[in-house]
Amino acid sequence: CRFAGMKSMKKRLRGFTFIEVILYIGLFSLLGTALLTFAWDILKLSHEGNTERLVTEGGRFAVERMKYSIRGAAGIDTETSVFDSADGRLVLDQFGSSNTLTFELQNGKVVMQESGQDAIVLQPQNTQTTALLFERSSSLDQSVEYITVTLTLETLLQAPLEYASSTTFETGVVIAPFLPGDSLLF
């Protein structure tokens with residue numbers, strides 16, 4: 001009877017069969033593949049979100065900076081400005097001086113340049129502008145000018161997760177030059 005107990009103990013300590021090992025490897029491979037796919041998708045979504053944010057924040061900053069400058073301008077230099085073109089150029093006259101402030105597209109970047117100063121790039125480094133359009137209209141008596149700014153900004157593709165984002169921003173700004181002594185009523 002002593003040998004019968006040893007036989008059952010030997011049977012219990014034998015380990016896994018070859019079929020069981022293959023099944024465990026297959027299950028763990030499936031789980032590993034699913035987890036790796038899930039992690040890759042999370043990284044891809046994160047990259048896409050960051051890319052969208054980069055374009056949106058960069059475009060908003062450029063448009064808001066242009067709006068601020070246009071509102072504070074004394075007028076528009078219509079002879080040197082370029083309207084109704086994807087490579088638009090807007091030259092603004094400044095109050096109390098002969099200086100001008102220029103917004104234009106240079107090498108795929110929106111730049112702002114004041115007379116005699118270096119140009120300042122108004123968008124993030126990893127983006128390019130495909131269109132900068134200025135449209136001009138005015139009131140019937142020519143006392144108020146209205147500028148529509150349209151900016152199309154896109155990302156420059158970066159490996160390994162090449163996700164491109166392109167967004168168009170459009171805004172309108174009124175220029176109503178006031179003479180000294182005029183009151184501003186809002």
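Since this is a predicted model, take the numbers as computed values, not measurements. Both backbone and side-chain heavy atoms feed into the values below; hydrogens, waters and symmetry mates do not.
Connection of V82 to L151 is not established within any shared hydrophobic cluster, with ILVMFWY side chains joined at heavy-atom distances below 4.5 Å, either directly or through further cluster members. Cluster membership for L101 and V111, using ILVMFWY side-chain heavy atoms within less than 4.5 angstrom, is not shared. Note on F61 and V63: same hydrophobic cluster, where clusters join Ile, Leu, Val, Met, Phe, Trp and Tyr whose side-chain heavy atoms are under 4.5 Å apart, directly or indirectly. Cluster annotation: Y68 and V149 are assigned to distinct hydrophobic clusters (Ile/Leu/Val/Met/Phe/Trp/Tyr, side-chain heavy-atom contacts under 4.5 Å, transitive). Under the 4.5 Å side-chain heavy-atom criterion for Ile, Leu, Val, Met, Phe, Trp and Tyr, I76 and F103 are members of the same hydrophobic cluster.
With no hydrogens or angles considered, a side-chain donor-acceptor pair links S69 and R65 at under 3.5 Å. Side chain to side chain, T130 and E154 fail the donor-acceptor criterion of an N or O pair below 3.5 Å. Side-chain atoms of Q123 and T129 form a donor-acceptor pair, as typed in the model, at a separation below 3.5 Å. Between the side chains of S139 and D141, at least one donor N or O sits under 3.5 Å from an acceptor N or O. No hydrogens or angles considered: a donor-acceptor pair under 3.5 Å links the side chains of T100 and S115. Side-chain contact, S165 with E52: a donor N or O sits under 3.5 Å from an acceptor N or O.
From S29, atom OG reaches atom OH of Y24 across 14.5 Å, with rounding to the nearest 0.5 Å. Here M112 contributes atom CE and Q117 contributes atom CD; the two are 9.5 Å apart, rounded to the nearest 0.5 Å. Taken from CG in N126 to OG1 in T51, the straight-line distance is 9.0 Å, to the nearest 0.5 Å.
Using modelled atom types, one side-chain atom of S97 and one backbone atom of N99 make a donor-acceptor pair closer than 3.5 Å. A distance-only check finds no donor-acceptor pair linking the side chain of Q94 to the backbone of S98 [under 3.5 Å]. When atom types are taken as modelled, the side chain of S46 and the backbone of I42 share no donor-acceptor pair closer than 3.5 angstrom. Remark: the backbone N or O of I120 is not paired with any side-chain donor or acceptor of K109 at under 3.5 angstrom. Using a distance-only test at 3.5 Å, with no hydrogens or angles considered, no donor-acceptor pair links the side chain of T102 to the main chain of V91.
Using a cutoff of 4.0 Å between basic side-chain nitrogens and carboxylate oxygens, E64 and K67 are scored as salt-bridged.
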T127 and T155: CA distance, side-chain angles, deciding distance, side-chain hydrogen bond (donor to acceptor under 3.5 Å, both in side chains) verdict: CA-CA 4 Å; T127 61; T155 56; over 6 Å; no
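Contact record, L153 with G59: CD2-N, 3.4 Å, taken as the closest heavy-atom pair. The minimum heavy-atom distance between Q106 and E104, with the atom names listed, is NE2-OE2, 3.0 Å.
Between F169 and T167, some side-chain heavy-atom pair lies under the 4.5 Å cut-off. Using a 4.5 Å heavy-atom threshold, the side chains of L30 and T33 count as separate. I147 has its side chain within reach of F134: a pair of non-hydrogen atoms, C-beta onward, lies under 4.5 Å apart.
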